[in-house]
Colleague: 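Take a look at this one; I'll ask things after.
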Amino acid sequence: MDIKACLFDLDGVIVDTAKYHFIAWAALANELGFEFTEEHNERLKGVSRMTSLHILLEIGGVELSEEKKIEMADEKNTLYVSYIEKMTPDEILPGVVNFLKELRENGIKTAIGSASKNAPLILDRLELNQYFDAIIDGNKVSKAKPDPEVFLKGAEAVGIAPQYCVVFEDAAAGVEAAIKGGMKCVGIGLPANLSQAQLVVPGFENFALTSLDQL
Ligand code: B16
Ligand code: MG
């Protein structure tokens, strides 16, 4: 396959921010009087902030006014940001930087396609901005994955047609978004959860541009 652009989800692909989301959501649940477990947290991966809050409230059987929901989401985000502000490049997942360097050396375009409104701050902390030609995040899209909007905007921003793009995703909704957008997809994680992807790998260790020949 002729690959001209690689589009990356952020959380679960480039870095594991899920652990910080978990601490912040669990603190909020605690305040609301119920327990939020790591298993519950799996349901929030790749999901927007407000949808995550709705899932959390459903788990706790708690009903809040719209105003209170916004206040709670802001409170969670403030705590979450206090953790990600302290992140360092050591937290980049194994093999990611080598693969990004290989893409640069081969003139392949790159973009981030993430649901997170904190993506610019995270990329800054990880010192990864230099490796991306475009950043499409939760501030730039109106439709959440599995809608393909975030990846279509990424492809458009780097000037490459969808059929020449590969998306790297760890969430089933993100894989669906890539396929709906007419792109190839490499799932990062377990094949059972990412069955729509053309290729599933555990991560970027031992992954190279030649690995995409299988697509
Ligand atoms: P924020 P991704 C997603 O990132 C996370 O997986 C998800 O857990 C989070 O709720 C969402 O970003 C929104 O994050 O509150 O920072 O805007 O996987 O799309 O890179
Ligand atoms: Mg993700």
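Indexing begins at 1, ligand by ligand and atom by atom, following the structure's order. Computed from a predicted structure; not experimentally measured.
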Colleague: Cut-off 3.5 Å, side chains only: do T51 and H54 have a donor facing an acceptor?
Modeller: no

Colleague: Is there an N/O/S atom in D11 that lies less than 2.8 Å from the Mg ion (ligand 2)?
Modeller: yes

Colleague: Please determine whether any non-hydrogen atom of S52 lies less than 4.0 Å from an atom of ligand 1.
Modeller: yes

Colleague: Heavy-atom contact check, 4.0 Å cutoff: does G12 meet ligand 1?
Modeller: no

Colleague: Show me which atoms of ligand 1 lie under 4.0 Å from any heavy atom of G46.
Modeller: 5 (C), 6 (O), 7 (C), 8 (O), 18 (O)

Colleague: Side chains of N118 and R49, heavy atoms from C-beta outward: is any pair under 4.5 Å?
Modeller: yes

Colleague: Evaluate ring-ring contact (aromatic ring centres under 6.0 Å, His included) for F8 paired with F168, printing each intermediate quantity in order.
Modeller: CA-CA 5 Å; F8 297 84; F168 295 84; 4.9 Å; yes

Colleague: Against heavy atoms of L10, which atoms of ligand 1 measure under 4.0 Å?
Modeller: 20 (O)

Colleague: Are I188 and F204 close enough that some pair of their side-chain heavy atoms sits under 4.5 Å apart?
Modeller: yes

Colleague: Does a side-chain N-to-carboxylate-O contact under 4.0 Å join D137 and K153?
Modeller: no

Colleague: I need the nearest protein heavy-atom contact for atom 19 (O) of ligand 1: residue, atom name and distance, please.
Modeller: A115 N, 2.7 Å

Colleague: Check the pair D11 / K19 against salt bridge (Lys or Arg N to Asp or Glu O under 4.0 Å), numbers first and verdict last.
Modeller: CA-CA 10 Å; D11 174 32; K19 59 187 178 208; over 6 Å; no

Colleague: Restricting to N, O or S, what is the name of the atom of D170 that lies nearest the Mg ion (ligand 2)?
Modeller: OD1

Colleague: Which bit of S114 gets closer than 4.0 Å to ligand 1, counting heavy atoms only: side chain, backbone, both or neither?
Modeller: both

Colleague: Using heavy atoms and a threshold below 4.0 Å, how should the contact between D11 and ligand 1 be classified: side chain, backbone, both, or neither?
Modeller: both

Colleague: What is the name of the N/O/S atom in D9 that sits closest to the Mg ion (ligand 2)?
Modeller: OD2

Colleague: Crowded around N129 CG? As in, over 12 foreign heavy atoms under 6.0 Å?
Modeller: yes

Colleague: Heavy atoms, side chains only, cut-off 4.5 Å: are H21 and K76 in contact?
Modeller: yes

Colleague: If two hydrophobic side chains count as joined below 4.5 Å and joins carry through other members, does I136 share a cluster with I112?
Modeller: no

Colleague: Using a strict cut-off of less than 4.0 Å between a Lys/Arg side-chain nitrogen and an Asp/Glu carboxylate oxygen, indicate whether R125 and E91 qualify as a salt bridge.
Modeller: no

Colleague: Considering heavy atoms of the protein only, find what lies nearest to atom 15 (O) of ligand 1 and give residue, atom and distance to 0.1 Å.
Modeller: R49 NE, 2.8 Å

Colleague: Closer than 4.0 Å to some heavy atom of K145 - which atoms of ligand 1 meet that?
Modeller: 19 (O)

Colleague: Identify, for atom 10 (O) of ligand 1, the protein heavy atom at the shortest distance, and state residue, atom and that distance.
Modeller: V47 O, 2.5 Å

Colleague: Identify which of L53, N118, I122, D170 has a heavy atom lying nearest to atom 16 (O) of ligand 1.
Modeller: N118

Colleague: I need the atoms of ligand 1 closer than 4.0 Å to a non-hydrogen atom of Y80, numbered in the order shown.
Modeller: 16 (O)

Colleague: What is the closest protein heavy atom to atom 8 (O) of ligand 1, and at what distance does it sit?
Modeller: L44 O, 2.9 Å

Colleague: Answer yes or no: are there more than 12 heavy-atom neighbours, outside E35 itself, under 6.0 Å from its atom CD?
Modeller: no

Colleague: Please find the pair of heavy atoms, one from L194 and one from D170, that lie closest to each other, and give the distance.
Modeller: CD2-O, 3.5 Å

Colleague: For K45, take its heavy atoms, then give the atoms of ligand 1 lying under 4.0 Å from any of them.
Modeller: 6 (O), 8 (O)

Colleague: I need the nearest protein heavy-atom contact for atom 2 (P) of ligand 1: residue, atom name and distance, please.
Modeller: D9 OD1, 3.1 Å

Colleague: Checking a contact table here: which protein heavy atom is nearest atom 17 (O) of ligand 1, and how many Å away?
Modeller: K117 N, 2.7 Å

